[in-house]
Amino acid sequence: GSDQQRATAARVIHYLPDEPDHILMTLNEAIMKGRVWAPRVNVVKVNVRNGHTNVVKPGRRSITFWASDFHGNIRLGYGYQNFTGSTKDSERVFVLVEDNGSLTDLTKTDWFSAEENWFEEHSVEGISEDPNVMYISAPSQYGTDGIYAMNMRTGEILETVFEHKN
């Protein structure tokens, strides 16, 4: 009806080097219902020659960001549960996509619950070649942001990839 608006956004998440005619993208379609956006982010495989798309991972109402590993497999998703239009009033969703497609809720892990506002100081930058390790940016010991390799299951920082001292 006239009370609905649509917005779309797309982001390339993998270039699929073994399939030169295809890329993996997230396609975000958000529908405005009244005063609240209802986002749905699908992962689609796009044929770059003819524009045909195939949904690889259907959107879930609470997931607004998907990340793939080195091989183009979707490994991580995050967003907000019961999004109210304000991120401060909405509960975070952060899931690991297992090999069988099931989801493991990372917000229930000790490492995530130990920090009240994990996403305010950390950002997911990508997934390493090991599908259980993600790269994050986070505050460093020098007061700047650094890049770190982190085990998604345990929260352990495995490696400092980069830190800027000033």
Side-chain angles (χ1 to χ4, degrees), residues 4-33 36-87 89-113 117-120 122-138 147-156 158 161:
Q4 289 189 359
Q5 300 175 23
R6 289 186 184 270
T8 57
R11 183 175 65 85
V12 175
I13 61 172
H14 202 282
Y15 288 98
L16 301 173
D18 295 337
E19 300 180 50
D21 290 346
H22 294 90
I23 58 174
L24 207 56
M25 297 182 72
T26 55
L27 183 59
N28 179 357
E29 181 176 68
I31 300 171
M32 178 69 116
K33 294 183 178 180
V36 179
W37 284 104
R40 183 165 302 271
V41 180
N42 293 317
V43 178
V44 295
K45 188 175 188 179
V46 179
N47 183 314
V48 297
R49 304 275 182 234
N50 61 24
H52 291 147
T53 61
N54 182 33
V55 175
V56 174
K57 184 90 176 149
R60 297 174 57 93
R61 185 167 183 199
S62 54
I63 304 290
T64 56
F65 179 92
W66 292 105
S68 69
D69 65 15
F70 269 44
H71 306 287
N73 301 310
I74 305 306
R75 296 297 294 173
L76 195 64
Y78 58 86
Y80 296 95
Q81 186 74 31
N82 304 321
F83 187 65
T84 62
S86 165
T87 56
D89 298 330
S90 301
E91 185 180 335
R92 272 287 185 180
V93 174
F94 194 24
V95 295
L96 173 64
V97 181
E98 302 289 357
D99 290 338
N100 66 4
S102 67
L103 303 178
T104 297
D105 186 352
L106 296 176
T107 64
K108 305 286 190 246
T109 59
D110 291 340
W111 66 262
F112 188 87
S113 357
N117 297 306
W118 193 87
F119 275 103
E120 287 184 19
H122 303 79
S123 294
V124 175
E125 303 298 340
I127 311 294
S128 84
E129 198 163 352
D130 176 342
N132 293 304
V133 176
M134 66 179 165
Y135 294 110
I136 62 167
S137 59
I147 304 290
Y148 306 94
M150 184 181 122
N151 182 308
M152 287 186 256
R153 295 181 190 282
T154 66
E156 177 187 2
L158 303 172
V161 177

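The analysis underlying the following values was restricted to heavy atoms, covering all of them including side chains, and did not include hydrogens, waters or symmetry mates.
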Would you find more than 12 non-hydrogen atoms of other residues, nucleotides or ligands less than 6.0 Å from Asp21 atom CG? yes
What pair of heavy atoms forms the shortest contact from Arg11 to Trp66, and how long is it? NH2-O, 2.7 Å
Is the ring pair Phe94/Trp111 parallel, tilted or perpendicular, if the boundaries are 30 and 60 degrees? perpendicular
Trace of the side-chain contact (heavy atoms from CB on, under 4.5 Å) decision for Arg60 with Leu103: CA-CA 12 Å; Arg60 297 174 57 93; Leu103 303 178; 3.4 Å; yes
Ignoring hydrogens, what is the shortest heavy-atom contact between Ile147 and Glu125? Give both atom names and the distance. CD1-CG, 4.2 Å
For Tyr15, does the OH atom have more than 12 heavy-atom neighbours from other residues, nucleotides or ligands under 6.0 Å away? no
So, taking the atom named NE2 in His122 and the one named CG in Asn117, what distance separates them when rounded to the nearest 0.5 Å? 11.0 Å
With heavy-atom distances below 4.5 Å as the criterion, would you say the side chains of Leu106 and Leu76 are in contact? yes
How far apart are the C-alpha atoms of Met25 and Leu27, what are their side-chain angles, what is the distance that settles it, and do they pass the side-chain contact (heavy atoms from CB on, under 4.5 Å) test? CA-CA 6 Å; Met25 297 182 72; Leu27 183 59; 5.9 Å; no
Please check: side-chain N/O of Arg75 versus main-chain N/O of Val97, any donor-acceptor pairing under 3.5 Å? yes
Pairing residues for Lys45 by the side chain to side chain donor-acceptor pair (under 3.5 Å) criterion, not counting sequence neighbours: Glu19
Does the side chain of His52 pick up a donor-acceptor pair with the side chain of Asn50 at under 3.5 Å? yes
Asn47 versus Arg49, closest heavy-atom pair with distance: OD1-N, 2.8 Å
How would you list, by chain and number, every residue that makes a ring-ring contact (aromatic ring centres under 6.0 Å, His included) with His14, sequence neighbours excluded? none
Less than 4.5 Å apart, any side-chain heavy atom of Val43 and any of Leu24? yes
NZ (Lys57) and OG1 (Thr26) are apart, to the nearest 0.5 Å, by 14.0 Å
Could you tell me the separation between the CD1 atom of Ile74 and the CG atom of Leu96, rounded to the nearest 0.5 Å? 12.0 Å
Would you tell me whether Ser128 and Asp130 have side-chain atoms, one donor and one acceptor, within less than 3.5 Å of each other? no
Considering all heavy atoms of both residues, which atom of Ala149 and which atom of Val161 are nearest to each other, and what is their separation? N-CG2, 4.0 Å
Working note: Ile63 + Val41, criterion side-chain contact (heavy atoms from CB on, under 4.5 Å); need CA distance, chi angles, decisive distance, verdict. CA-CA 7 Å; Ile63 304 290; Val41 180; 5.8 Å; no
I need the Ser137 OG to Tyr148 OH distance, nearest 0.5 Å. 9.5 Å
Nearest 0.5 angstrom please: Phe65 CZ to Ile13 CD1, how far? 8.0 Å
Taking the side chain from Arg40 and the backbone from Gly59, do they hold a donor-acceptor pair closer than 3.5 Å? yes
Looking at every heavy atom in both Arg153 and Thr109, which two are closest together, and how far apart are they? O-CG2, 4.3 Å
Where do Pro131 and Asp69 come nearest, in terms of heavy atoms and distance? CB-OD2, 4.1 Å
Hey, could you give me the NE2/CG distance between His22 and Asn54, rounded to the nearest 0.5 Å? 8.5 Å
